[in-house]
S.K.: 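First the structure, then my questions, so here it is.
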Amino acid sequence: MTSTTRLTVAQALVRFLSAQYTERDGVRHRLIGATWGIFGHGNVAGIGQALVEYGDVMPYHQGRNEQAMVHAAVGYARQSGRLSTHAVTTSIGPGATNLVTGAALATVNHLPVLLLPGDVFATRPADPVLQQLEVPYAGDISVNDCLRPVSKYFDRITRPEALIPSALNAMRVLTDPVETGAVTLALPQDVQAEAYDWPDDLFAERIWATRRPGADPTELAEAVRAIRDARRPLVVAGGGVHHSRAEEALAEFAEVTRVPVASTQAGKGSLRHDHPQDVGGVGHTGTATADELARTADLVIGVGTRYTDFTTASGTLFANPDVRFLNLNIAPFDGHKLAGTPLIADARSGLMELTAALDMHAYRVPASYVTEYTEDKERWEQRVDACYEADEPDVRPTQPQVLGALDAIVDESDVIINAAGSLPGDLHKLWRARSRDQYHLEYGYSCMGYEVPAAIGVQMAAPDRPVWALVGDGTYLMMPTEIVTAVQEGIAIKVLLVQNHGYASIGGLSEETGAERFGTAYRHRADDGTFTGTPLPVDLAANAASLGMRVLRAKTVSDLREALAQARTADTPTCVYVETQTADTVSGAPPAQAWWDVPVAETATRPSAVKARELYERHVSTRRRHL
Ligand SMILES: Cc1ncc(C[n+]2csc(CCOP(=O)(O)OP(=O)(O)O)c2C)c(N)n1
Ligand SMILES: [Mg+2]
């Protein structure tokens, strides 16, 4: 007879989660390293009680905001190479719907996170319970249904025994390299507390091995033929290179073939910045080197990329009339994009197979091509140096000079995190990634507010590395809440807070698209009713200090260098606050090297919009469909 143990659903789930492992390349990791939680009536007595009961096997972290807890879990998962993540428990209603943005971010970026929102009573004894949405035409809808489209697996556990198949499916999806993203198990609050006789086998240690599928022989032969025919091939390395830990395999591919490697935001760092074949970021925020190669490439070899509009310059970048695409991707959905030749495989396996086959044929790109991109890269490096340098170290820095100051004090061990604003573009163009996981840009969802909580998660996965959250003032205001969490847990994250009094990025975009910077600066209302008065007297440094951070204020580039060096070795959460030249002055970074499609008003009375529309139509006319 199968032996059983009587536990509540919440207790069974927590015990089950503590026994799940992943394994890749012979190394084992705990799948769910900890659980984040904010308690309300929808989870306090269920999951909350279970976390006390099993505190010895399931660590708990307290967050301030449910969305931020998901960001922390995502940061942890990414830093752990997707082999380990966290669970997040919430109450019902607002606590649960606060998860939606975090879930979407996880799913868009293919990063695993387990969400455990409380749900309304399954037995419906006294509807509506506090915070319940009543839907007159459907009895089985709760606000948690908002999580369905942003989850890669969703279930509502309305009976105890349903947890068994559901929990197993949740683990399958979390650990599947194609499917992974946010996984949601909605837990009705009465069911959480209900007891059941669970088969003990449910609680046995279970290993979810990460597969590395190799290429189909026919697809591989086709891919090798395509590369051998190419004279100007270019690799576009995406986040899949990192997810598969394929950086070394990519370096070997590049060294054998001399094919240059450009990278997306998620793929940057696939090669070190000083690798001879690394040509930097590609697309709207790319380097001149990479974008020129992209314009003239006859074969684009996408490795683990989704080809977002930033990468393709909204369909205008790959301009060679004969260009073809070869897409090495573990997901067929992405492998078939741009009518490319699919090579459906794990990035590392696929690259190793390609390198072996091409080496056999002694394939190498023409020497003139190597000379061309090497010289181009050198020229771009000089531009980076020029905008990093501060001629007058005693004046307020530009944003690139802030990055130059950071660049001067970091080494391979530092991790820099960013997601939104004008920093992503500057970083993609300028940052010199010194290790494969130094550059942590969340640009799939580009979610303001990701940086601070994500830094906590990254630091949890990499306790000995300096971890920097780079945030603009707008982003800071969106979600400074988890500073309190860092203080509580003694996690010495570093926050580099760049004050420019508003949305420099969207302000610039607004101006280019005929919207005249409307509503993008943090300024007082002027006499004409617009927000164009003086900057707001808001002191974000004092705000960070009030939440418990040590704050170092830097006025000039020389102050900044000193403050950054101090923060880097600090053992408590530390914020470096710097005010840059304001939002409406030029950032100092090289301009965009390629277009990005943001539709401009087709009809308007204001001359700025009319002019912007003319330019817009010229750009649109250069768009291609790759068929
Ligand atoms: C949650 C969220 N809301 C809105 C946006 C759109 N958005 C992108 S950048 C940005 C402004 C960012 O301001 P700040 O952090 O100060 O950076 P700056 O542009 O000044 O560099 C906005 C509103 C977003 N990316 N995320
Ligand atoms: Mg700003």
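All ligand and atom numbering here is 1-based and tracks the order in the structure.
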S.K.: If the threshold is 4.0 Å, N to carboxylate O, is there a salt bridge linking Asp278 and Arg432?
M.R.: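 Salt bridge absent between Asp278 and Arg432.
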
S.K.: Give a yes or no on whether a salt bridge exists between Lys377 and Glu381, defined as a side-chain N under 4.0 angstrom from a carboxylate O.
M.R.: no

S.K.: With a 6.0 Å cut-off on ring centres, are Phe531 and Phe518 close enough?
M.R.: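 No.
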
S.K.: What atom name does the N, O or S atom of Asp473 nearest to the Mg ion (ligand 2) carry?
M.R.: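 For Asp473, the N, O or S atom at the smallest distance from the Mg ion (ligand 2) is OD1.
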
S.K.: Please determine if Arg434 and Glu412 form a salt bridge, counting it only when a charged side-chain N lies under 4.0 Å from a carboxylate O.
M.R.: no

S.K.: Run the numbers for me: atoms of ligand 1, each under 4.0 Å from some heavy atom of Gly472, listed by number.
M.R.: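 It comes down to these atoms of ligand 1: 14 (P), 15 (O), 16 (O).
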
S.K.: May I ask you to decide if the ring planes of Tyr443 and Phe310 are parallel, tilted or perpendicular, using 30° and 60° as cut-offs?
M.R.: perpendicular

S.K.: Decide whether the shortest distance between a heavy atom of Gly507 and an atom of ligand 1 is less than 4.0 Å.
M.R.: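 The answer is no, since Gly507 has no heavy atom less than 4.0 Å from ligand 1.
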
S.K.: Would you check whether Ser446 reaches within less than 4.0 Å of ligand 1, judged by its heavy atoms?
M.R.: yes

S.K.: Polar-atom distance check: Asp473 versus ligand 1, any N or O pair below 3.5 Å?
M.R.: yes

S.K.: Check each of Ser422, Gly519, Gly421 against atom 9 (S) of ligand 1 and report the one with the nearest heavy atom.
M.R.: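 Among Ser422, Gly519, Gly421, the closest heavy atom to atom 9 (S) of ligand 1 belongs to Gly421.
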
S.K.: Determine, for Lys494 against Asp414, whether the closest basic-nitrogen to carboxylate-oxygen distance falls under 4.0 angstrom.
M.R.: no

S.K.: Of the listed options (Met448, Met478, Gln399, Gln67), which comes nearest to atom 6 (C) of ligand 1 when hydrogens are ignored and any heavy atom counts?
M.R.: Met448

S.K.: Just go through Ser505, Gly474, Ala420 and tell me whose heavy atom is the nearest to atom 14 (P) of ligand 1.
M.R.: Gly474

S.K.: I need the O(Gly502)-the Mg ion (ligand 2)-OD1(Asn500) angle, rounded to 10 degrees.
M.R.: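 An angle of 90° at the metal.
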
S.K.: For ligand 1, is any non-hydrogen atom under 4.0 Å from Thr475's backbone (N, CA, C, O), its side chain (CB onward), both, or neither?
M.R.: both

S.K.: Answer yes when Glu292 and Arg295 have at least one side-chain N-carboxylate O distance shorter than 4.0 Å, and no when they do not.
M.R.: yes

